[in-house]
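Whatever order the structure lists them in is the order used to number ligands and atoms, beginning at 1.
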Amino acid sequence: MHFDTVIRHGTVVTASDVFKSDVGIIDGRVAALAAGLADADEIIDARGLYVMPGGIDSHVHLDQPSGPGIVMADGFDSGTRSAAIGGNTTVLAFCMQEKGQSLRSALKAYHAKAEGHCHVDAAFHLVITDPSAAVLGQELPALVADGYTSIKIFMTYEGLRLRDDEILSTLDAARRTGALAMVHCENEDAIRYLIGRHEAEGLLEPRYHATTRPIAAEREATHRALSLAEIVDTPIVIVHVSNRQAMEEIRRARERGQKIAGETCPQYLMLTAEDLDGDALEGAKYVCSPPPRDRESQEACWNGIEQGVFELFSSDHCPFRFNDSEGKSNERGKQSFRWIPNGIPGVATRLPILFSEGVVKGRIDLNQFVAVTSTNHAKLYGLYPRKGTIAIGADADIALWDPDQEVVITNDILQHGSDYTPYEGLAVRGWPVRTLLRGQTIMQDGHLSKATASGIYLRRTLSSLARNCAETNSV
Ligand code: URP
Ligand code: ZN
Ligand code: ZN
């Protein structure tokens, strides 16, 4: 058999196996897994490297409106460039519905922002902020049938949050259509009350972002989201879980028989509220929601990954520039933490951090690493088995991983639009040396190797978690 590309002498890692094999690629797909493949236009020597499915980051914010005068640091070009640097081959970004806007018109705008600019493949979650009868009854079923098979709803942020009755009607519609619902769980009323109290007392520095969004506000909202999902019998994903109490809510809901997925992120393993405590505005670099907590919460999130409470390890990449009047250092943000845009960059550092801190330090094995960074994302968001594994017929989306390469993370190597990384100076072991997207090398040794952005939009099938609950099965 003649191949376009053969990856030779590597160790293939999937969510279930680790084995020595060459990988033969034809027309962008894996065509053979065997020893001794040699007849190819291009031979890549992967001796000493792991050959892993490219990372799938299912929680990435790109080119989203973020309030008056605030500009997100990454569009689809720089955000997906940075994703490729970090060994990813697919991102799932958010398409944000504005109040009164149809989902179709929001999608049109996001497709226009993304198309022709993506260096990795991409798809959109639909953020529903205005769950009108037309949106839930007509648009959502049609869009799910068209391959937009996941939504996100917020319980916090004025202007985005849904009331409980709106959450119920949205989850009910999600179940009927087979859309998988991601839920951001924080109690907005409690947070607003605490923000008011802090401001009245003159407590305005970035560190008070953390004290106005306490664990109890996340735990309560997580419990409520799970209860509302139970009432309408709908599977949900609890996203960006930061602490043990919220995690235990997920565990208990599963024990009751609910279909729930859990997600955590690097910031909840690596940062604490003390990082928000820097000199002057320095703490603004770490402002995200939910906020990083404490060492005990970090340990809990590790336990959640190790024990499978969290199937998903995502970046929640939501980048703003620090030294920028349209970013973290905006004039109002200097006056009060409440105006510091929420979010931190992380799409390039997600995989190296989990590999170094998780695999190298013996907390998780290679299979778990692949599962929580790629395979489970593909299964839960309707991309499997095309994406998320190395198998005959799958897209040849591959990260060649050097387990011994030592890198000190610095902002300049990440190629995102932000002017900082929260992980500056962190030494990691294990790094992606080459990324292939559908058989084509898109990144090698820290350089994007194609001038044109070759990522495509991905139409998705129903989630493995939601598909059996759907009343129709049109995709
Ligand atoms: O602070 C964060 N996480 N910003 C991104 C928006 C979100 O809630 O995911
Ligand atoms: Zn969120
Ligand atoms: Zn997010």
Of the backbone atoms (N, CA, C, O) and the side-chain heavy atoms from C-beta on, which set of Cys318 has a member under 4.0 Å from an atom of ligand 1: side chain, backbone, both, or neither? side chain

Is the His377 to Tyr384 ring centre distance short of 6.0 Å? no

Before moving on, can you tell me the angle at the Zn ion (ligand 3) between the NE2 atom of His61 and the OD1 atom of Asp316, to the nearest 10 degrees? 90°

Aromatic contact, Tyr286 with His209 (centres under 6.0 Å): no

Closest protein heavy atom (residue, atom, distance) for atom 1 (O) of ligand 1: Ser289 N, 2.7 Å

Less than 4.0 angstrom from a charged side-chain N to a carboxylate O is my criterion; do Asp233 and Lys259 meet it? no

Here the N/O/S atom of His184 closest to the Zn ion (ligand 2) would be ND1

N, O or S from Lys152 under 2.8 Å to the Zn ion (ligand 2): yes

Nearest non-hydrogen protein atom, atom 4 (N) of ligand 1: Asn342 O, 3.3 Å

Residue from His184, Glu218, Met182, Gln267 passing side chain to side chain contact (heavy atoms under 4.5 Å, CB included) with His240: His184

Look up atom CH2 in Trp302 and atom NZ in Lys361, then write down how far apart they are to the nearest 0.5 Å. 8.0 Å

Under 2.8 Å from the Zn ion (ligand 3), is there any N, O or S atom belonging to His240? no

Which atom of His59 is nearest the Zn ion (ligand 3), counting N, O or S only? It is NE2

Short list, please: which atoms of ligand 1 are under 4.0 Å from a heavy atom of His184? 7 (C), 8 (O)

Centres of the Phe310 and Tyr268 rings: under 6.0 Å? no

At what distance is the nearest protein heavy atom to atom 3 (N) of ligand 1, and which residue and atom is it? Asp316 OD2, 2.7 Å

Decide whether a cation-pi geometry holds between Lys113 and Phe76; the criteria are a distance under 6.0 Å from NZ or CZ to the six-membered ring centre and an angle within 45° of the ring axis. no

What atoms of ligand 1 come within less than 4.0 Å of a heavy atom belonging to His61? 5 (C), 6 (C), 7 (C), 9 (O)

Could you tell me whether ligand 1 has any atom less than 4.0 Å away from a heavy atom of Phe94? no

What do we get for Lys152 next to ligand 1 when only non-hydrogen atoms under 4.0 Å count, side chain, backbone, both or neither? side chain

Charged N-O contact under 4.0 Å between Arg321 and Glu326: no

Any donor and acceptor pair, going by atom type alone, linking the side chain of Asp277 with main-chain N or O of Arg207 inside 3.5 Å? no

Under 4.0 Å from any heavy atom of Cys288, which atoms of ligand 1 are there? 1 (O)

